[in-house]
Undergrad: 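Encoded as structure tokens, here's the structure I'll be asking about.
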Amino acid sequence: MMLTALGLMSGTSLDGVDVALIETDGKQVKAFGPSGYRPYSPAERSLLRQALTEAVHLPRRDARPGILAEAERAVTLAHAEAVAAFVAQNRMKPEEIDIVGFHGQTVLHRPERRLTVQIGDAPALAKAIHIPVMHDFRAADVEAGGQGAPLVPVYHRALANSLAREGPIVVVNIGGVSNITYIDGNDTLIACDTGPGNALLDDFMYRTMNQAFDAEGKFAALGKVDEAWIARALGLPFFASPPPKSLDRNDFAVLKLGDVLPADGAATLTAFTAAAIARVIPLLPRRPRSWIVCGGGARNLTMLRMLRERVGSATVEAAETLGWASDAIEAQAFGFLAARGLKGLPLSYPATTGVPMPMTGGVIARP
């Protein structure tokens, strides 16, 4: 049975809430619907940055001390506003949507402690929007010993299978953190985080230039890459360990560039993201033939160029060139995952998150 599913995603880049509608049975996508976006205000972004700092000391996944309670209310309200605006703009009624997939805002991801925390009050959201809400997608996986991330690979596979091209295909999502899905036919699905996405670069641009990000990579294009710094950074144990593996947004915050010109720093951090993605190639069963880039990094032309330089003869293309809505893919994925969760289908696998067996997940909150 096909379901009309609305996916909501607020990623580690802390930019805002993506909204996307799809029609799916949890196995294939019958149709893509419209998408929308509700940016976080500077005040909301500042609140979420504080929440990330305070969350480091969380003892339990349900604890919301201090600023975290305020941040959770802000996240819930932002998502409710995003859905209300989307429904109004597309002249829909809540009853036309079967399920909402609500990821929430990750503030802590420590799978080695069997702890992952996404803030956002799903029961309050369901009541506000009058639609059932599937949430808490990562908890079951982490509790079972998995990494709890990435969860988008099953959706990437559904998209890649519609292309009818020879594999292996790698879908790269460059958000705050970068992750890949390696697809080689229906049987081989491997996924992992590869390293920093835009988080280090965005934080650097914010500190040095008071800009939220490097638009199209224009600033990095002016700088000189410090290859020695990248080589040292790639010496961290994470990069040599095989998939599956996952990261917290701030895992590389310890890496300091030192006293560099802003353009050189931007160039180096952009190249570091590309190099970290390419570093996964020796850890895969076969060398990929094509790389499809989605997420915010797909708009960074310098990052795409640097990735092309590091993956040899394979093609590198932005998801948009294939007709995929790059900005909406993660939101679409959580609509897809909500449909899968409703049907008890697996969201994660041993080769995507390291979970012992294929796992479903998600919890339903009803209005």
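Along the sequence shown, the residues carry numbers beginning at 1.
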Undergrad: Salt bridge between Glu216 and Lys218, side-chain N to carboxylate O under 4.0 Å?
TA: yes
Undergrad: Any salt bridge linking Arg64 with Asp121? Criterion: basic side-chain nitrogen under 4.0 Å from a carboxylate oxygen.
TA: no
Undergrad: Nearest heavy-atom pair of Gln332 and Tyr155: which atoms, and what distance?
TA: OE1-OH, 2.7 Å
Undergrad: Provide the closest heavy-atom pair for Arg310 versus Glu227 in the form atom of the first, atom of the second, distance.
TA: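 Here Arg310 and Glu227 meet closest at NH2-OE2, 3.0 Å.
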Undergrad: Please evaluate residues Thr352 and Ile190 with respect to the criterion side-chain contact (heavy atoms from CB on, under 4.5 Å), reporting the C-alpha separation (whole Å), side-chain torsions for both, the decisive distance (0.1 Å), and the verdict.
TA: CA-CA 5 Å; Thr352 61; Ile190 296 170; over 6 Å; no
Undergrad: Working to the nearest 0.5 Å, report the span between OG1 of Thr268 and CG of Leu200.
TA: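 Interatomic distance, Thr268 OG1 to Leu200 CG, rounded to 0.5 Å: 12.0 Å.
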Undergrad: Judged by modelled atom types alone, do Glu23 and Thr4 share a side-chain donor-acceptor pair under 3.5 Å?
TA: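 No, Thr4 and Glu23 have no side-chain donor paired with an acceptor closer than 3.5 Å.
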Undergrad: Once rounded to the nearest 0.5 Å, what's the spacing between atom CE of Met359 and atom CG of Leu151?
TA: 11.0 Å
Undergrad: Apply side-chain contact (heavy atoms from CB on, under 4.5 Å) to Tyr349 and Val154, showing your working.
TA: CA-CA 9 Å; Tyr349 297 83; Val154 284; 3.3 Å; yes
Undergrad: Does any N or O in the side chain of Asp193 come within less than 3.5 Å of the main-chain N or O of Ser246, such that one atom is a donor and the other an acceptor?
TA: no
Undergrad: Could you grab the distance from atom CZ of Arg287 to atom CD1 of Ile281, nearest 0.5 Å is fine?
TA: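 So the gap between those two atoms works out to 4.5 Å.
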Undergrad: Within the distance-only criterion (no hydrogens, no angle test), does the side chain of Asp202 pair as donor or acceptor with the backbone N or O of Phe213 below 3.5 angstrom?
TA: no
Undergrad: My understanding is that only one of Thr353, Thr360, Thr116 makes a side chain to side chain donor-acceptor pair (under 3.5 Å) with Asp141; could you say which?
TA: Thr353
Undergrad: Could you tell me whether Arg286 and Glu166 make a salt bridge, using a distance below 4.0 angstrom between a side-chain N and a carboxylate O?
TA: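 No, Arg286 and Glu166 are not salt-bridged.
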Undergrad: Do other residues, nucleotides or ligands put more than 12 heavy atoms under 6.0 Å from the NZ atom of Lys343?
TA: yes
Undergrad: Inspect the contact between Glu44 and Arg38 and indicate whether a charged nitrogen and a carboxylate oxygen are less than 4.0 angstrom apart.
TA: yes
Undergrad: Grab the two heavy atoms, one from Pro262 and one from Met209, that are nearest each other, plus how far apart they are.
TA: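 Shortest heavy-atom contact: CB-SD, 3.9 Å.
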Undergrad: Give the minimum heavy-atom separation between Pro242 and Leu283, together with the two atoms involved.
TA: CA-CD1, 4.3 Å
Undergrad: Just to verify, which of Leu6, Ile131, Leu3 counts as forming a side chain to side chain contact (heavy atoms under 4.5 Å, CB included) with Asp98?
TA: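 The option that passes is Leu3.
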Undergrad: Could you tell me whether Asp62 and Arg60 make a salt bridge, using a distance below 4.0 angstrom between a side-chain N and a carboxylate O?
TA: yes
Undergrad: Any idea which heavy atoms bring Cys192 and Val280 closest together, and the distance?
TA: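 Shortest heavy-atom contact: SG-CG2, 3.9 Å.
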Undergrad: Which is it for Glu317 and Leu322 under the side-chain contact (heavy atoms from CB on, under 4.5 Å) test, yes or no, and what are the steps along the way?
TA: CA-CA 8 Å; Glu317 56 204 314; Leu322 300 170; 3.8 Å; yes
Undergrad: Taking Thr273 for its side chain and Gly197 for its backbone only, find out whether a donor-acceptor pair lies under 3.5 Å.
TA: yes
Undergrad: May I ask you to establish whether Arg49 and Tyr206 are in a cation-pi arrangement, using a distance under 6.0 Å from NZ or CZ to the six-membered ring centre and at most 45° from the ring axis?
TA: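 Relative to the ring axis of Tyr206, which defines the angle, Arg49 lies inside both limits.
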Undergrad: Any donor and acceptor pair, going by atom type alone, linking the side chain of Arg61 with main-chain N or O of Val117 inside 3.5 Å?
TA: no
Undergrad: Restricting to non-hydrogen atoms, name the atom on Ala298 and the atom on Leu304 that form the minimum distance, rounded to 0.1 Å.
TA: O-CD1, 3.4 Å
Undergrad: I'd like to know whether Val171 forms a side-chain contact (heavy atoms from CB on, under 4.5 Å) with Val152, so could you lay out the CA-CA distance, the side-chain angles of the two residues, the decisive distance to 0.1 Å, and finally the verdict.
TA: CA-CA 10 Å; Val171 180; Val152 181; over 6 Å; no
Undergrad: Between His103 and Phe137 (side chain of the first, backbone of the second, donor and acceptor by atom type, cut-off under 3.5 Å), is there such a pair?
TA: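 Here the side-chain-to-backbone pair does not exist.
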Undergrad: Are Phe204 and Phe252 close enough that their ring centres sit under 6.0 Å apart?
TA: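 Ring centroids of Phe204 and Phe252 are no less than 6.0 Å from each other.
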Undergrad: At what distance, to the nearest 0.5 angstrom, does CH2 of Trp291 lie from OH of Tyr182?
TA: 10.0 Å
Undergrad: May I ask you to say whether Asp251 pairs ionically with Arg110, meaning some side-chain N is under 4.0 Å from a carboxylate O?
TA: yes
